[in-house]
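As a basis for the values below, the full set of heavy atoms in this structure was taken, side chains included, without hydrogen atoms, waters or symmetry mates. Letters A, B, ... are given to chains in the order of the sequence lines, protein chains preceding strands, and every chain is numbered from 1. Note that the structure is a prediction, hence the values are computed from the model and not measured.
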There are 2 protein chains.
Amino acid sequence: MTTKKRILQAAKQEFIFNGFEAARMRSIADRAEVNKGLLHYYFKTKETLVTQIFSETFVELFTDLKRVFTSSKDIFQKIEEGVAVYIDFIMKNQEMPLFIISEMSRDPKQHLKRMKHSGMTPPFKELAKSIAQSQQLGLIRKDLAPKQFVLNMISLILFPVLAKPMVQFTHDLSEKEFKVMLEDRKKDVAQFLIHAIKA
Amino acid sequence: MTTKKRILQAAKQEFIFNGFEAARMRSIADRAEVNKGLLHYYFKTKETLVTQIFSETFVELFTDLKRVFTSSKDIFQKIEEGVAVYIDFIMKNQEMPLFIISEMSRDPKQHLKRMKHSGMTPPFKELAKSIAQSQQLGLIRKDLAPKQFVLNMISLILFPVLAKPMVQFTHDLSEKEFKVMLEDRKKDVAQFLIHAIKA
DNA sequence: GTCTATAATTTGATAGAC
DNA sequence: GTCTATCAAATTATAGAC
C-alpha cells in the first residue's frame with residue numbers, strides 16, 4: 001500500500017473515532033507510521049484529508065443504494081434490499097454515520113462543499129417516487145407522505161449505530177451481540193416498515 | 001440571574017453548538033459576558049461544566065417520560081403521549097441530542113460517570129414492560145421484541161434532529177418549516193408506530 | 001519522499017491584585 | 001467575586017536538511 005493510502009486510512013480511523021476537532025494530526029501520523037510532516041506534504045491541510053474521506057464514502061454508499069431504488073422490482077423488495085444494503089454498509093463503517101452527522105451539524109456550509117466535491121447525492125428522491133407510485137396502485141396506505149416514509153426508514157437504519165454506546169449499555173450487548181442485532185435488523189426493520197405502510 | 005447561572009447557560013449554548021472538544025472556554029466567558037477567570041472560579045474545569053449541564057438535562061427529560069410510561073393509561077395512549085413529550089423536549093433543546101450522543105461516543109466511560117452524577121436513568125424498561133403486557137392481552141402482534149419497539153420509537157423521535165441539516169437540505173425546509181415538521185411528527189410518528197405494531 | 005526542528009497560535013488553567 | 005496577567009502544554013503548519 002502506498003504511503004498516501006496509508007495516511008488516508010489512518011486519518012479515516014482517527015476522524016471517525018474522535019471527530020474532526022478532536023482528531024490530531026499527530027495521531028494520524030502515528031497510526032500511519034509516518035512522520036507528521038508527511039501529512040502536510042500529501043494533503044496540505046486537515047480539511048483536505050476529511051474532504052477526501054467523505055468523497056470515497058459517499059460514492060461507495062450512494063452508488064449501491066441508487067441501483068436498488070431505481071431497479072424494476074416492487075416496492076416491498078426495494079425496501080428489503082435497500083435496508084439490507086444500507087445496514088451492510090454501516091456494519092462495515094459503524095462510526096462513519098456519527099462522524100458525518102457531527103460534521104454536517106458543526107459546519108453545514110463546509111459539508112455542502114464536501115458533498116459537491118464527491119459529485120454524489122443521496123438517491124432518496126428515487127425511493128420517494130417509488131413509494132408514491134405504489135400508493136397509486138393501492139399497495140400502500142395513502143395517508144402517509146412519501147418523504148415521511150423515507151425519513152422514517154433512514155431513522156430506523158442509522159439511529160442504532162449513532163447511539164451505539166447507549167444501545168449497548170441499555171440492552172447490555174457485547175460487541176459481537178451488537179453486530180448480531182444489526183444483522184437481525186436487516187429483516188426486522190424492513191418488516192416493521194412494511195407493517196407500518198401496507199394498505 | 002446570578003453569574004453562575006449565566007455561565008451555565010452560556011456553556012450549554014457553546015457546548016451544544018460546537019461539541020465538547022471544539023467548545024472554547026473563552027467563548028463561554030464571552031457569551032456570559034464575564035471574565036474568563038470566573039469560569040474556573042465557579043466550575044474549576046471544563047468537565048465540571050459539562051457534567052452539570054448533562055445532569056439538568058437528564059433530570060428534566062427522564063422525569064417527564066417516566067410519569068408517562070408508568071401511568072395507568074393504555075399502551076397506545078402511552079405511545080402517543082410519550083412521543084409528544086419527547087418531541088416537545090427536543091423542540092426546546094434541538095441541539096442537545098447530538099451533543100449527548102457525540103459525547104457518549106467520544107468517551108463512553110466518562111459519559112457513564114455523568115449519568116451517575118445525575119442520578120437518573122432513562123425509563124425505557126418501563127415502556128418495554130408495558131408493551132409486553134399488551135402483547136399478552138392480544139393488542140399488539142407478538143412477533144416483535146419489546147426492546148426492538150423501544151429502539152425504533154426512539155430512533156424515529158431523535159434521528160430527524162440529529163440529522164437536522166441533512167433533513168433541512170433534502171426536504172428544503174426553512175427553520176420555521178422544520179419546527180412545523182417536528183410538531184407534526186408528534187402525531188405522525190405515533191400513528192406510524194401504532195400501525196406497525198397493532199395485532 | 002521522508003525526516004528533524006521549530007515557528008506561530010491557541011488552549012485550559014492558575015496566581016495574585018483589588 | 002471579579003479582574004489582569006501569565007503559565008505550561010498542545011496544536012497545526014512550515015522550513016529546510018538529506
Side-chain angles (χ1 to χ4, degrees), chain A residues 1-55 95 99-100 102-103 105-107 109-111 113-114 117, chain B residues 1-56 95 99-100 102-107 109-111 113-114 117:
Chain A
M1 187 158 45
T2 66
T3 301
K4 193 172 179 178
K5 283 269 181 195
R6 278 225 317 289
I7 292 174
L8 213 47
Q9 196 182 41
K12 184 176 173 180
Q13 287 177 22
E14 175 72 9
F15 280 131
I16 63 181
F17 276 107
N18 301 291
F20 183 79
E21 278 282 347
R24 301 298 169 215
M25 296 296 269
R26 163 67 187 250
S27 301
I28 294 173
D30 289 349
R31 281 179 193 269
E33 291 179 321
V34 298
N35 186 275
K36 208 161 64 73
L38 268 192
L39 304 190
H40 297 281
Y41 171 76
Y42 281 108
F43 295 97
K44 195 74 180 172
T45 68
K46 206 176 173 185
E47 172 62 29
T48 314
L49 266 172
V50 98
T51 300
Q52 192 62 33
I53 290 165
F54 274 137
S55 273
E95 292 80 12
F99 177 48
I100 294 175
S102 296
E103 279 306 296
S105 174
R106 200 184 58 87
D107 194 341
K109 285 186 182 177
Q110 190 64 38
H111 185 75
K113 283 187 193 171
R114 293 166 181 165
H117 180 270
Chain B
M1 188 157 48
T2 67
T3 301
K4 193 173 179 178
K5 284 269 181 195
R6 279 224 316 288
I7 292 174
L8 214 47
Q9 197 182 40
K12 184 175 173 182
Q13 288 178 20
E14 176 71 10
F15 279 130
I16 63 181
F17 276 107
N18 302 291
F20 183 78
E21 278 281 348
R24 302 299 169 214
M25 297 296 269
R26 163 68 187 249
S27 300
I28 294 173
D30 288 350
R31 281 179 194 269
E33 291 179 321
V34 298
N35 187 276
K36 204 162 67 77
L38 270 191
L39 303 190
H40 298 281
Y41 170 75
Y42 279 108
F43 294 97
K44 196 73 180 172
T45 69
K46 204 177 173 184
E47 172 61 29
T48 314
L49 266 172
V50 97
T51 299
Q52 191 63 33
I53 289 165
F54 275 136
S55 272
E56 291 180 5
E95 292 80 13
F99 177 48
I100 293 174
S102 296
E103 278 306 294
M104 206 164 58
S105 174
R106 199 183 58 87
D107 194 342
K109 284 186 182 176
Q110 190 64 37
H111 185 75
K113 283 187 192 170
R114 293 167 182 165
H117 180 270

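Straight-line distance from the CD1 atom of A/Ile28 to the P atom of D/dT11: 12 Å, rounded to whole Å. Put simply, CD on A/Glu47 is 14 Å from P on D/dT12, counting in whole angstrom units. As a whole-Å value, the separation of B/Phe43 CZ from C/dT14 P is 15 Å. Rounded to an integer number of Å, the gap from B/Lys4 NZ to D/dT2 P is 12 Å. In this structure, A/Leu39 places its CG atom 15 Å from C1' of C/dT4, rounding to the nearest Å. Note: CG (A/Asn18) to P (D/dT11) measures 11 Å, nearest angstrom. Regarding A/Asp30, its CG atom lies at a distance of 15 Å from the C1' atom of D/dT12, rounded to whole Å.
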- Kindly indicate, with the supporting measurements, whether the criterion salt bridge (Lys or Arg N to Asp or Glu O under 4.0 Å) is fulfilled by B/Glu95 and B/Lys12. CA-CA 10 Å; B/Glu95 292 80 13; B/Lys12 184 175 173 182; over 6 Å; no
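By the 6.0 Å contact criterion, CZ on B/Phe17 is open, its count of non-hydrogen atoms from other residues, nucleotides or ligands being 12 or less.
Residues from residues 5-16 of chain A with heavy atoms under 4.0 angstrom of DNA chain C: there are none.
In terms of heavy-atom proximity, B/Phe20 sits nearest to B/Lys46 at O-NZ, 2.8 Å. The nearest pair of heavy atoms linking B/Phe15 to B/Ala23 is CD2-CB, 3.5 Å.
Distances shorter than 4.0 Å separate none of the side-chain N or O atoms of A/Tyr41 from OP1 or OP2 on D/dT14. The side chain of A/Thr3 contributes an N or O atom lying less than 4.0 Å from OP1 or OP2 of C/dT2.
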Please tabulate, for side-chain N and O atoms in residues 24-37 of chain A, each donor-acceptor pair with protein atoms closer than 3.5 Å (sequence neighbours left out).
from	atom 1	to	atom 2	distance (Å)
A/Arg24	NH1	A/Glu21	O	3.1
A/Arg24	NH2	B/Glu21	OE1	3.2
A/Arg26	NE	A/Asp30	OD2	3.1
A/Arg31	NE	A/Glu14	OE1	3.1
A/Arg31	NH1	A/Gln13	OE1	3.1
A/Arg31	NH2	A/Glu14	OE1	3.3
A/Asn35	OD1	A/Gly37	N	2.8

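In this structure, the nucleotide among D/dC3, C/dG1, D/dT12 sitting nearest to the side chain of A/His40 is D/dT12. Of the candidates D/dC3, D/dT14, D/dA13, D/dA13 carries the atom nearest the A/Thr45 side chain, counting heavy atoms from C-beta on.
Paired with B/Glu103 under the rule side chain to side chain donor-acceptor pair (under 3.5 Å), one option of B/His111, B/Arg114, B/Gln110 passes, and it is B/Arg114.
In summary, the side chains of B/Thr51 and B/Thr48 do not present any donor paired with an acceptor at a separation below 3.5 Å, with no hydrogens or angles considered.
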Are any protein N/O atoms closer than 3.5 Å to N/O atoms in nucleotides 5-11 of chain C? If there are, list each pair with its distance.
from	atom 1	to	atom 2	distance (Å)
C/dT11	OP1	B/Arg24	NE	3.1

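Within the 4.5 Å cutoff, side-chain heavy atoms of B/Gln52 are placed close to those of B/Glu56. Using a 4.5 Å heavy-atom threshold, the side chains of A/Phe43 and A/Leu8 count as touching.
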